[in-house]
Amino acid sequence: MSEKKIMLGNEAIARGAYEAGVKVSAAYPGTPSTEISENIVKYPEIYAEWSPNEKVAMEVAIGASISGVRSMASMKHVGVNVASDPLYTISYAGVNGGLVLVAADDPGLYSSQNEQDTRCVARAAMVPVLEPSDSQEAKDFMKYAFELSEKYDTPVILRTTTRLSHSQGPVTLEERQKIEDKVYERNVGKFVMMPGNAKQRHLYVEQRLKDMAVDGYDMPINRMELNDSKIGFITSGIAYQYVKEACPEASVLKLGMVHPLPRKLIEEFAEKVEVLYIFEELEPVFEEQIKSWGINCIGKEIFTVQGEYSANMIRKAVLHQDADLKDAAKVPARPPILCPGCPHRSVYSVLNKLKIHAAGDIGCYTLGAVAPLSVVDTTVCMGASISTLHGMEKAKGKDYIKNWVAVIGDSTFMHTGVNSLMNMVYNQGTGTVMILDNSTTGMTGHQDHAATGKTLMGETVPAINIYHLCKAMGIKNVIEVDAFDTALLEKVIKEEVAKDEVSVIITKAPCVLLKTEKATKVAKECVTISEKCKKCGMCLRPGCPALTKNADGTISIDATMCNGCGLCQQLCKFGAIEVREK
């Protein structure tokens with residue numbers, strides 16, 4: 001009897017990769033995709049790595065595929081932008097062993113800077129896309145994606161979303177397939193994409209998509225569910241679950257392959273229903289193509305292009321029901337905030353005091369943009385902080401950025417910050433770059449990277465030394481500072497921003513939530529001495545959630561939250577806060 005298990009969507013994707021006989025997996029952590037690799041590493045049959053960025057991860061998977069084994073890369077939707085260069089080209093070249101890119105979109109912007117739709121990227125790259133609707137399909141579609149990849153000589157994208165990635169469902173487990181490695185044969189016309197070869201492969205790719213669109217009529221992952229013919233829905237992914245919840249009696253065409261679209265199947269379904277709705281999160285990818293075929297349907301006229309969908313959206317827009325949840329619990333707003341004891345808070349408290357602006361980057365430290373720290377002025381994408389500061393200096397001159405710095409984390413610096421800093425040096429820029437080194441990839445759950453000395457598979461390896469890396473670029477001014485030494489940090493920042501050359505300040509303090517840090521650090525806590533408190537509020541300025549202002553103006557510190565970093569003690573000039581061992 002087959003074993004069944006409750007699995008996250010991401011966990012099920014990892015299981016599907018295992019069962020499909022995958023041998024190589026590469027990724028860069030990014031919510032909502034991170035748990036895929038964290039579960040893949042549990043299968044010793046698969047080599048798994050954290051790559052420094054998504055482009056590298058995609059290229060590692062491509063190399064493995066060309067050599068003849070099934071391989072995959074995983075990333076969030078904005079990571080696909082970073083990987084797009086090799087993705088667009090391997091679409092032309094095709095594969096040897098099956099090749100799947102798992103792309104996790106984020107409707108609703110739970111942890112991203114945009115809501116881009118990977119289906120749009122796939123159309124431009126001419127890569128087929130599968131989209132599961134639950135954990136069981138996440139596993140099954142992963143296996144089917146490798147079959148399609150090898151059958152049609154193409155990379156395949158498995159598209160998921162935050163809701164599916166982080167939802168749980170029952171999954172039937174099966175044995176790992178024994179997939180023989182494909183024989184590698186030198187084929188310059190296929191795998192060397194110089195212009196003459198690429199022209200020929202482009203014709204192949206166009207025909208491949210036409211063939212898949214025709215074959216999609218019979219693919220088991222595309223299915224009609226014919227019920228009441230008055231209302232019909234064309235949908236896919238997690239949106240299918242909302243349709244079934246709100247309109248269980250409606251007819252549904254559930255698309256598992258969302259690019260290319262199976263035109264014949266869609267035309268047949270449209271003829272069987274009186275009113276046809278296209279229910280798809282984000283962009284009108286289905287809708288625009290279906291309307292171009294002359295099929296009447298209703299889509300974004302009544303459904304939004306922004307945010308995550310729900311069953312209530314259908315109840316309101318289609319059934320005209322009052323779907324307001326009047327009795328729902330009134331949950332207080334919880335704005336995101338840096339953790340108690342976070343070294344970034346210490347750094348930002350100094351920058352705030354000095355009234356210095358920061359060109360920001362992607363990570364926990366992006367929270368330096370909000371009150372009360374209010375330091376970060378810009379955030380664009382991974383690695384952009386340094387380039388943004390460089391652009392400002394070239395546009396406005398050296399004096400303009402005397403009260404600016406770029407802030408970037410250690411993992412993000414290894415991702416794409418290295419190139420940006422290299423550009424700053426090469427083009428004779430001026431500016432101060434602050435690398436906030438907390439020894440981990442903090443925002444996505446404490447993954448290792450090239451500068452931590454640990455791999456995804458738990459091996460101890462030489463750690464890239466960020467200080468020496470910066471020195472190797474020819475930067476004279478590279479200073480390492482304890483992130484919690486606010487007096488020294490203030491002195492160093494003042495000195496470096498005044499210089500007319502590139503400076504790098506590396507603030508060092510491990511993330512307070514790191515398990516290794518907790519195991520080796522003596523537990524401390526900050527304690528108030530109320531009779532010494534002058535009620536000035538200086539200790540509250542960094543916004544540590546462990547501190548509370550009492551009715552009489554004195555301060556209380558929650559011992560269950562406090563990590564004993566001592567920042568509040570340094571800010572108190574009256575000795576009203578002490579740091580003690582717990």
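Keep in mind that what you see is a predicted model, and the values were worked out from it rather than measured. Positions are given from 1 along the sequence.
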Using modelled atom types only, decide if a donor and an acceptor are shared between the side chain of [X] and the backbone of [Y] within a distance under 3.5 Å.
{"X": "S37", "Y": "T34", "value": "no"}
{"X": "K300", "Y": "L282", "value": "yes"}
{"X": "T154", "Y": "V156", "value": "no"}
{"X": "D153", "Y": "V95", "value": "yes"}
{"X": "E137", "Y": "S133", "value": "yes"}
{"X": "D361", "Y": "G383", "value": "yes"}
{"X": "D558", "Y": "A546", "value": "no"}
{"X": "R223", "Y": "G256", "value": "no"}
{"X": "S167", "Y": "R163", "value": "yes"}
{"X": "E45", "Y": "G21", "value": "no"}

### Task
Applying side chain to side chain donor-acceptor pair (under 3.5 Å), run through D106 and T162 and close with a yes or a no.
CA-CA 5 Å; D106 190 20; T162 300; 2.6 Å; yes
### Message
If the condition is side chain to side chain donor-acceptor pair (under 3.5 Å), which residues does D211 pass it with, not counting sequence neighbours?
### Response
Q207
Salt bridge or not for [X] and [Y], using N-O below 4.0 Å?
{"X": "R159", "Y": "D105", "result": "yes"}
{"X": "K254", "Y": "E131", "result": "no"}
{"X": "E206", "Y": "R208", "result": "no"}
{"X": "E459", "Y": "K454", "result": "no"}
{"X": "K230", "Y": "D228", "result": "no"}
{"X": "K76", "Y": "E35", "result": "no"}
{"X": "K244", "Y": "E249", "result": "no"}
{"X": "E267", "Y": "R263", "result": "yes"}
{"X": "K139", "Y": "E11", "result": "no"}

### Note, Q177 side chain near F146 side chain (heavy atom, < 4.5 Å)
no
### Qualifying residue, where the test is ring-ring contact (aromatic ring centres under 6.0 Å, His included) with Y309 and the options are F279, Y242, Y240
F279
### Whether Y28 and H415 hold their rings parallel, tilted or perpendicular, with breakpoints at 30° and 60°
perpendicular
### Task
Quick one: sort the H344 and Y365 rings into parallel, tilted or perpendicular, breaks at 30° and 60°.
perpendicular
### E19: which of R70, K143, K178 passes salt bridge (charged side-chain N to carboxylate O under 4.0 Å, His left out)
K143
### Task
Mind running ring-ring contact (aromatic ring centres under 6.0 Å, His included) on Y277 and F233 for me, showing each step along the way?
CA-CA 5 Å; Y277 295 96; F233 287 89; 5.4 Å; yes
### Task
Take N81 and Q116, measure what side chain to side chain donor-acceptor pair (under 3.5 Å) needs, and give me the verdict at the end.
CA-CA 10 Å; N81 300 334; Q116 73 186 50; 2.9 Å; yes
### Query
With a cut-off of 6.0 Å (strictly less than), are more than 12 heavy atoms of other residues, nucleotides or ligands near NZ of K291?
yes
### Listed partners of A64 passing side-chain contact (heavy atoms from CB on, under 4.5 Å), at least two apart
V24, V69, S71
### Message
Could you walk me through whether T440 and N438 satisfy the side chain to side chain donor-acceptor pair (under 3.5 Å) test, starting with their C-alpha distance in whole Å, then the side-chain angles of each, then the deciding distance to 0.1 Å, before giving a yes or no?
### Response
CA-CA 6 Å; T440 191; N438 64 355; 5.8 Å; no
### Message
Rounded to the nearest 0.5 Å, what separates atom CG in L130 from atom CD1 in I157?
### Response
10.0 Å
### Gap between atom CG of D410 and atom OG1 of T441 - 0.5 Å precision
7.0 Å
### Message
Could you go through S51 and E49, starting from their C-alpha distance and side-chain angles, then the distance that decides it, and tell me whether this counts as side chain to side chain donor-acceptor pair (under 3.5 Å)?
### Response
CA-CA 6 Å; S51 304; E49 73 173 34; 2.7 Å; yes
